[in-house]
Amino acid sequence: MKPLDPRLLRLSRTARGFVLAAAGTGAVRTVATIGIAWGIAAAVTQVVDAVRVGQVPGTFPATLALLGAAFLLRAAAAWATDDLAARAGARVKSELRTAVLRRAADRGPGWLAGRSSAGFATTLGPGLDALDAYFGRYLPQLALTAVATPVLLVAIALGDLTSAVVIVCAMPVIPVFMVLIGLATQTLQRRQADALARLGGAFTEAVEGLATLKVFGRARRQTARIGRVTDEYRRGTLGVLRLSFVSGFALELAASLSIALVAVSIGIRLVDGSLGLGAAMFVLVLAPEAFAPIRQVGADFHAAQDGVEASQAVLDVLDDAEHDVRDAADTAAPVTRPADSDALVLRGVTVHRPDVVIGPVDLTATAGTVVALTGPSGSGKSSLLAALRGVLPHEGTVVVPGPADVPVPDRTTWVDQRPRLVRGSVAENVTLSATGDDAQVRTALRAVGLGVGPGLPVGSGGAGLSGGQAQRVAVARGLYRAAASATPLVLLDEPTSALDAEAEALVVAAVRRLADDGAVVVVASHRPAVVAAADVVVTVTSSGAAPVRSATAVSA
């Protein structure tokens with residue numbers, strides 16, 4: 001297990017800056033520590049001299065002032081380190097979550113389907129929250145150890161070379177203990193991370209299937225199941241804490257014995273007069289400080305293991321996605337390529353699914369055209385839309401209308417067949433922002449015939465709205481984006497499946513207006529009213545009884 005994964009520094013600018021800043025504050029703390037040791041040694045020596053001669057030296061107030069300034073400097077450096085750690089932890093978690101979600105969006109639903117949604121959510125949620133200990137304690141201490149240990153050894157050597165030699169000979173005992181304890185805890189920490197993922201998966205599955213479980217009278221059994229997984233996680237957590245305490249005791253014991261060797265050596269030489277009091281006090285104060293960083297970094301490393309495991313899981317996801325993208329780029333046939341065009345062009349587009357092959361599809365739709373993809377459920381309409389969005393691998397060429405220097409997602413508006421509403425107001429769900437244009441929101445809501453206020457609160461998943469209202473909010477979201485961003489391509493997947501005839505007519509009219517404003521609109525639907533309003537109808541049908549069925553597309 002690496003003390004610091006270089007992938008974290010490569011993927012997070014904030015992490016790189018924080019390591020450098022922590023090293024800087026660590027250098028300041030080290031200088032302040034040496035100043036404190038010198039001040040204590042000088043003050044004690046001056047007091048002893050004052051007792052002997054009966055007069056306080058004139059430099060004593062200056063020594064106390066320097067000692068106080070050193071304590072303040074060290075406290076300020078420690079506060080700055082803690083503040084930087086808190087800010088860096090929050091920023092790095094945000095950067096990693098954003099990177100993973102962006103990569104998941106780039107890979108598309110096929111990549112997400114091959115992963116556990118509960119485990120994925122647990123890793124991005126409470127898993128990455130454990131990085132607080134990693135950035136708040138471990139990394140600052142690691143930077144302090146790298147800076148402070150050699151500087152303190154040099155300072156001790158300048159005060160007493162013999163003590164420095166004793167410390168250098170005794171110090172390797174602590175890293176040896178750290179390695180042995182780390183090997184013992186590595187398996188335990190991984191097992192604990194797996195237990196957390198199982199706990200999150202069990203809870204998520206129970207919540208998602210609660211309605212079905214209640215229908216069949218199995219809901220109470222899930223309580224016992226979640227209780228068993230929770231007890232397993234609790235016992236694992238206690239085991240980790242027990243081992244952490246034992247490891248801390250072992251490190252403290254090794255450091256205490258090493259410091260005792262230095263103290264005994266200094267005491268003997270003080271008695272025989274070969275070492276002065278000032279040098280002895282200076283070394284005695286610095287000796288524990290020389291062992292403290294490396295001892296503390298071992299303890300903090302075990303305390304931050306949950307964050308280390310979570311960060312490694314996230315970094316592994318990003319690496320896998322990078323490899324998948326690179327391999328796809330090397331082996332795939334020609335895929336979506338941007339071009340300056342006002343038409344949607346499909347040339348031999350074929351989508352391969354485990355149960356069906358969609359295509360090849362050849363189509364040219366100029367600006368102002370409404371294209372309807374129709375056919376039975378499961379024939380591949382949504383897959384064709386995913387290919388047009390560029391999130392599903394396909395053969396052939398897709399030319400998306402719009403300027404070539406603008407990415408395909410920025411030229412596309414997409415409305416999914418599931419509303420996917422989040423907790424917030426209707427306006428926030430329409431704009432996907434807390435600072436949208438209220439006038440445009442009202443215009444989009446009127447276009448779909450939804451008579452609710454933009455400020456109406458909506459629960460997670462659209463709670464508080466009927467199925468038809470939630471679907472019209474999703475369509476209004478598409479209308480809002482198409483108007484605000486002037487996207488030349490609009491894709492709608494079953495936009496009227498939950499609407500009555502009157503509401504459907506309003507949505508169809510809104511779709512027609514989008515085309516009249518110069519967009520190419522592609523609608524996947526089997527509703528007769530939508531198909532009748534289209535300029536081009538692409539019928540997707542399945543035929544054959546072989547394991548891999550074929551689908552054909554015909555323009556009408």
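In what follows, every heavy atom counts, from backbone to side chain, and hydrogens, waters and symmetry copies are set aside. This chain uses plain numbering: 1 for the first residue, then up along the sequence.
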- Task: Taking all heavy atoms of V147 and all of G26, pick out the closest pair and write down the distance.
- Result: CG1-C, 4.2 Å
- Is the CZ atom of R234 crowded by more than 12 outside heavy atoms at less than 6.0 Å? yes
- Task: Show your working on side chain to side chain contact (heavy atoms under 4.5 Å, CB included) between L144 and T30 and close with a plain yes or no.
- Result: CA-CA 8 Å; L144 178 63; T30 304; 4.0 Å; yes
- When rounded to the nearest 0.5 angstrom, what distance separates CG in L152 from OG1 in T145? 10.0 Å
- Message: Against T487, only a single residue in T413, D410, T412 fulfils side chain to side chain donor-acceptor pair (under 3.5 Å); can you say which?
- Response: T413
- Intermediate values then yes/no, side chain to side chain contact (heavy atoms under 4.5 Å, CB included), T33 and R74: CA-CA 7 Å; T33 300; R74 180 168 175 169; 3.1 Å; yes
- Item | Reported CZ-to-CG distance for the pair R481 and L432, which is rounded to 0.5 angstrom | 9.5 Å
- If we only count heavy atoms from C-beta on, is the L261 to L257 side-chain gap below 4.5 Å? no
- Task: Looking only at non-hydrogen atoms, find the nearest pair between A148 and P293 and report the distance.
- Result: CB-CG, 4.3 Å
- Message: Nearest 0.5 Å, please: how far is CZ in R477 from CD in E428?
- Response: 12.0 Å
- F291 CZ to T149 OG1 distance, which is reported to the nearest 0.5 Å: 10.0 Å
- Would you say N429's side chain and S425's backbone share a donor-acceptor pair under 3.5 angstrom? yes
- For the pair V47 and F60, evaluate side chain to side chain contact (heavy atoms under 4.5 Å, CB included) and give the outcome as yes or no after the intermediate values. CA-CA 8 Å; V47 169; F60 187 69; 3.7 Å; yes
- Heavy-atom closest pair (L286 atom, I34 atom, distance to 0.1 Å) is CD2-CA, 4.2 Å
- Note on the structure: Here the pair of heavy atoms bringing V426 nearest to G453 is CB-O, 3.9 Å
- Value rounded to 0.5 Å, distance of OG1 in T162 from CD1 in I167: 11.0 Å
- Short question: side chain of T25, backbone of A22 - any donor-acceptor pair under 3.5 Å? yes
For residues 270-278, which side-chain donor-acceptor pairs fall under 3.5 Å, sequence neighbours excluded?
unit_1, atom_1, unit_2, atom_2, d
D272, OD1, S274, N, 2.9
D272, OD1, S274, OG, 2.8
S274, OG, R269, O, 3.4

- Task: Work out which heavy atom in T81 is nearest to a heavy atom in F18; give both atom names and the distance.
- Result: O-CE1, 4.4 Å
- Note on the structure: Taken to the nearest 0.5 Å, the spacing of T63 OG1 from W38 CH2 works out to 5.0 Å
- Message: Tell me if a side-chain donor or acceptor on R411 pairs with a main-chain N or O of V406 at a distance below 3.5 Å.
- Response: yes
- Query: With a 4.5 Å heavy-atom cut-off, do R389 and V408 have their side chains touching?
  - Reply: no
- Message: Taking S94's backbone N and O only, do any of them form a donor-acceptor pair with T98's side chain (distance below 3.5 Å, no angle check)?
- Response: yes
- Please report the closest heavy-atom contact between V430 and Y480, naming both atoms and the distance. CG1-CB, 3.7 Å
